[in-house]
Amino acid sequence: MPLALLALAVGAFGIGTTEFVMMGLLPDVADDLHVSIPVAGHLVSAYALGVVIGAPLLAAVTARLSRRKVLIALMGLFVLGNALSAFAPDYHWLLAARFLSGLPHGAFFGVGAVVATNLVAPERKARSVSLMFLGLTVANIAGVPVATLMGQHLGWRATFLGVSAIGVAAIAALALLIPHDHTHAPAGGLRGELAALRSLPVWLALGTTVAGFGALFSAYSYITPMLTDAAGYADGSVTLLLALFGVGATAGNLLGGRLADHSLRGTLFGGLVSLVVVLALFPVLMTAQWSAAVGVTLLGMAAFITGSPLQLMVMEKAAAAPSLASSANQAAFNLANAGGAWIGGLALAAGFGATSPAVAGAVLAVLGIAVAGTAYVVDRRRTAALTATPGRLIATHVPHPQESAHH
């Protein structure tokens, strides 16, 4: 695997750290800026909104530029947003800075995934994407806990300065390690990128992301009350257990990348089925502390097995112009974050118990399987149409070698 993937992983590590660290810093930020914790919680939402808006917008605006230059510029915007967060004079300035920090998130992962797959042989594409995402999952194990401790002992502003430093290191790594010859501007430009989004298979792949990761966030958004109210853990133990989730996510991400290079669709269906099983078992797993720890780890593993296959599938459905579709998948991921948390909250508010968000997540994962199944049927029909009328051009994607073998 080329060293350039390390540069992408460093950027992903910084992005993952700044995305999730705010949850642990909310009490400190709220106290320092004289706002309530629920109001401070809008800082999390502002970042997510920046991701959803910035992912397709920045990918579209930069469609004619060299992908290497785009990645460096996106990381520059990331550094600016976090530096402004560190020096924000009041809550409203911090809210704006968090929105700005979220803007490059989705486009960086979207364009980065395209660059990663261009750097390796076709049979290693999914693995290359998983290695870029490794920075995101490792951030949950090391980056977020360390940044949270830094914020608690040196002040929350020091955390964002530290994240800015990671961004500067990522810019240096991108400039040194990303080769020029693999990152030329796509020939289709903006028109080609937008045309890719008119494809039904692309939207079905995005729908699978929303449902599949909505299932994860339905449960994960309420993992703390599950661990304390149902499993009986003390509040102080939750941070260690969330690190276990990061360990599971890292293992699942690497496993999913390796398996998807052999069978893209098989890995996707396997990951979604395992997610249904884990979430459905959560009410039982949360009855004892040891099984709850196992459940949190398995949740991270099952969910992130599907990460690389979903990213690669979206890119292959938009094979002629993958940058915008790839970035849109990151927007779909954050929509899943918000939508899953909302659905899990409905289950809690209805009085179904502390573990009910996980059961609601299992239902969402079943929906994800249904959407993925629909995408499979559509692909089969398009393949059959191509076979029946070989002289006729039909707008479709170039199938993954292993994927077509499984057809």
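The structure presented is a predicted model; accordingly, all values stated were derived computationally and were not measured. The figures that follow rest on heavy atoms only: side chains count, while hydrogens, waters and symmetry mates do not.
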Under 4.5 Å between any side-chain heavy atoms of [X] and [Y], yes or no?
X: L5; Y: S128; result: yes
X: L8; Y: L174; result: yes
X: Y233; Y: Q289; result: yes
X: K317; Y: L200; result: no
X: H42; Y: L95; result: yes
X: S308; Y: N253; result: yes
X: V115; Y: R68; result: no
X: L275; Y: L299; result: yes

[atom1] of [X] to [atom2] of [Y]: how many Å apart, nearest 0.5 Å?
X: L131; Y: R258; atom1: CG; atom2: CZ; result: 9.0 Å
X: L268; Y: L310; atom1: CG; atom2: CG; result: 5.0 Å
X: T148; Y: M22; atom1: OG1; atom2: CE; result: 10.5 Å
X: T297; Y: L241; atom1: OG1; atom2: CG; result: 8.0 Å
X: S66; Y: I72; atom1: OG; atom2: CD1; result: 8.0 Å
X: T287; Y: F282; atom1: OG1; atom2: CZ; result: 11.5 Å

With [X] via side chain to side chain donor-acceptor pair (under 3.5 Å) - residues at least two apart:
X: T267; result: none
X: N140; result: none
X: S218; result: none

Taking all atoms of both residues into account, what is the closest heavy-atom pair of [X] and [Y], and its distance?
X: M301; Y: A251; result: CE-CB, 3.6 Å
X: S327; Y: A59; result: OG-CB, 3.4 Å
X: A325; Y: V202; result: CB-CG1, 4.2 Å
X: G11; Y: M75; result: CA-CE, 3.6 Å
X: G16; Y: V144; result: O-CG2, 4.1 Å
X: S274; Y: G271; result: OG-O, 2.7 Å

List in chain and number order the residues that pass salt bridge (charged side-chain N to carboxylate O under 4.0 Å, His left out) with D32, two or more places apart in sequence or in another chain; answer none if no residue qualifies. R157
Do any N or O atoms from the side chain of [X] and from the backbone of [Y] form a donor-acceptor pair under 3.5 angstrom?
X: S263; Y: A260; value: no
X: Y222; Y: A354; value: no
X: T306; Y: A302; value: no
X: S326; Y: G110; value: yes
X: T62; Y: L65; value: no
X: D90; Y: W93; value: yes

Quick one, L49 with F99, criterion side chain to side chain contact (heavy atoms under 4.5 Å, CB included). Give me CA distance, side-chain angles, the key distance, then yes/no. CA-CA 7 Å; L49 182 63; F99 175 79; 4.0 Å; yes
Please say which of T17, T159, T18 ends up in a side chain to side chain donor-acceptor pair (under 3.5 Å) with N82. T18
Do the ring centers of F333 and F109 come within less than 6.0 Å of each other?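 No - the distance between ring centres of F333 and F109 does not fall below the 6.0 Å cut-off.
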Do V120 and R127 pass the side chain to side chain contact (heavy atoms under 4.5 Å, CB included) test, and can you show the C-alpha distance, the side-chain angles, and the key distance before you say yes or no? CA-CA 9 Å; V120 298; R127 215 173 307 177; over 6 Å; no
Run L94 and L84 through side chain to side chain contact (heavy atoms under 4.5 Å, CB included) and show every step you take. CA-CA 8 Å; L94 181 57; L84 290 175; over 6 Å; no
Is there any ring-ring contact (aromatic ring centres under 6.0 Å, His included) pair reaching into residues 56-91, and which pairs are they, with sequence neighbours excluded? none
Decide yes or no on side chain to side chain donor-acceptor pair (under 3.5 Å) for N329 and T209, but give the supporting numbers first. CA-CA 7 Å; N329 193 51; T209 296; 2.6 Å; yes
In chain order, what residues pass the ring-ring contact (aromatic ring centres under 6.0 Å, His included) check against F304, with sequence neighbours excluded?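 Scan of F304 (ring-ring contact (aromatic ring centres under 6.0 Å, His included), adjacent residues dropped) gives F213.
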Show, in sequence, the C-alpha distance, side-chain angles and deciding distance for I141 and T137, and conclude whether the side chain to side chain contact (heavy atoms under 4.5 Å, CB included) test is met. CA-CA 7 Å; I141 303 173; T137 56; over 6 Å; no
